[in-house]
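Read through the structure below, which is laid out as structure tokens, and then see the notes.
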Amino acid sequence: MRNSWADSVENTATDNVGPSGGSGASASTRRSSYVPPHLRNKPMGAEPPAPSPGGPPSGNDRSGFNGPTSGSRWGGSRPDYGRQGYSGGGRSGGGWGGRGGGWGREREVNPFGNDADVDLEQSFDQENTGINFDAYEDIPVETSGENVPPPVNTFAEIDLGEAVNLNIRRCKYVKPTPVQRYAIPISLAGRDLMACAQTGSGKTAAFCFPIISGIMRGDFSQRPRGVRTVFPLALILSPTRELSMQIHEEAKKFSYQTGVRVVVAYGGAPINQQLRELERGVDILVATPGRLVDLLERAKVSLQMIRYLALDEADRMLDMGFEPQIRRIVEQMDMPRPGERQTMLFSATFPKEIQRLASDFLANYIFLAVGRVGSSTDLILQRVEYVHDGDKRSHLMDLLHAQMANGVHSKQALTLVFVETKKGADALEHWLCINGFPATAIHGDRTQQEREQALRTFKRGDTPILVATDVAARGLDIPHVSHVINFDLPNDIDDYVHRIGRTGRAGKSGLATAFFNEGNLSMAKPLADLMQEANQEVPEWLTRYASRSYGGGRNKRSGGGRFGGRDFRRDSSYSRSGGGGVSYYDGGNSSGGYGNYSGGYGPGVTSAWD
DNA sequence: AAAAAAG
């Protein structure tokens, strides 16, 4: 039972240096002698202030946190390579961030240790990736495009700079995930990227590492120093507020003590605080589209210095009707054109709308498809049960009781319950609460504060049951979700895949239970197919429903199979699918390794319009 | 049809 949380605590306690990152070489060698390029020839400053004055040292401190490398960052002469806005222009400067002391510039909060359980817990979770990581080996990957840079097998092979390497170690990342193995070299080579992959595959790190490292290496001394306008160098767009928050949190870890500043902006939260954060300087801006448009209209943000653009969950953003706003941001503001910036487009699926977006936003891109993490591994045990609507609550209660009996209702065993509607979420939460189950809810009608609160208490295990609408379906990385219950099945198999993907994360196993009834007929076939594909036991009654093939379950996955999509540029039959076979791509491509997995594309997926 | 996102 090495998998338990307690075990991992123990392991981490004894193994305090952490894994050597597979670098093979001496982790014991002090990296103090190395000075990152952008810090060279700078006078070494004073020692950094103690990371947690008075507090116990965090686990991360042991891995060289206090090393001299970090010292230079905090000395009087901060390397200022054209970064604007740090002084705050004396606006509200002094009074702000009062805890900072020193010279009005607040200390960078250590995103790793300090904040006891929550963060440590995540770290342990990450460490566990080392255990089941082999599960990732089976995930099929394909690339196509001109001169695809070869993938790497270890982080050691990638030169991200010492500061980022340290953070990788602090995150306890041992080995790059498939999407990282391919995407990072592609991105470091300066190429645009269209990637079909889901969060949980390590996407965030895949686009953050090259961005951070690129910003550290780059010379941006030409960056304007606006008084009220800021000029970020990188923009990361994501569909939901919580996802933006999460990307922000991760990016802060990756860029800790690199001098790269990450700021997040999303709606529902007071804009003034976000503005203050922006005015203190921003290199990487993480945002939801609506709030960003607002900031652009107010001329608080200019995109003219953008060198890196990443769009996360692009298909989701289009589903949510963000295309006009995204096009406005990318094409109609002062953003540099494709080719003058580096663009990474991430999407779970690759339907025509995304293909259009790709051809409009990207220049000579490389296509990368990573098999679906949720179904192509055996990490998630999927179950379907036939439950009438009226029986759902009592059935749910049975499941939860069983879990409680097993004593698994704690931090290491959270249960996420998906429902169809916001009203339904409220009702179910209330019902669970009055029946003595510690539940909370997240959906779009709750205030942002309530949403964040719900997520926090859930993550902490204070309310180990979270009732959610699809706002929480994609991308959210919550450690220790051991059970996803589809109380109401979605109408789209991709949504199902995303939902169950909230468990079985980071190489851990998980359980997904779905309640199926006559109202979900359109899902019978896609669900049965998907489960079959994932080597799950398909109940006989579901197979019967599936064989009757109800037309729906709109299958957006062009191509089906284990990938979210395929590079349509290489698809000779592309013209068949309407759209007129845009031929801006000269077939003269090399390598690519395409076709290795052609077997993975099942025989024509039955589609609604056949 | 519902959900999400700008207020």
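Reminder, nothing fancy here: chain letters follow the sequence lines and each chain counts from 1.
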Determine: side-chain N/O of [X] to OP1/OP2 of [N], distance under 4.0 Å, yes or no.
| X | N | value |
| --- | --- | --- |
| A:Thr288 | B:dA6 | yes |
| A:Arg241 | B:dA6 | yes |
| A:Arg451 | B:dA5 | yes |
| A:Arg291 | B:dA5 | no |
| A:Thr469 | B:dA4 | yes |

Expressed as a whole number of angstroms, how long is the span from [X]:[atom1] to [N]:[atom2]?
| X | N | atom1 | atom2 | result |
| --- | --- | --- | --- | --- |
| A:Glu420 | B:dA3 | CD | P | 7 Å |
| A:Asp488 | B:dA2 | CG | P | 13 Å |
| A:Lys423 | B:dA3 | NZ | P | 10 Å |
| A:Asp495 | B:dA3 | CG | C1' | 9 Å |
| A:His443 | B:dA4 | NE2 | P | 8 Å |
| A:Asp492 | B:dA4 | CG | P | 16 Å |
| A:Asp470 | B:dA1 | CG | P | 17 Å |
| A:Tyr496 | B:dA2 | OH | C1' | 20 Å |

Check your understanding: Quick one: ring pair (Phe, Tyr, Trp, His ring centres under 6.0 Å) partners of A:His388, sequence neighbours excluded?
Key -> A:Tyr386
Revision key, fill the gap. Applying ring pair (Phe, Tyr, Trp, His ring centres under 6.0 Å) to A:His395 and not counting sequence neighbours gives A:Phe515
Exercise for review: Check whether any side-chain heavy atom of A:Phe487 sits under 4.5 Å from a side-chain heavy atom of A:Phe418, and report yes or no.
Suggested key: no
Check your understanding: salt bridge (Lys or Arg N to Asp or Glu O under 4.0 Å) between A:Asp283 and A:Arg307: does it pass, once the steps are laid out?
Key -> CA-CA 10 Å; A:Asp283 300 306; A:Arg307 293 294 173 270; over 6 Å; no
Review point. Nearest of B:dA1, B:dA4, B:dA6 to any side-chain atom of A:Val293?
Key: B:dA6
Practice item. With heavy atoms under 4.0 Å as the rule, sort A:Gly321 into base, sugar-phosphate or nothing. Key: nothing
Review point. So, A:Arg456 versus A:Gln453: side-chain donor-acceptor pair below 3.5 Å or not?
Key: yes
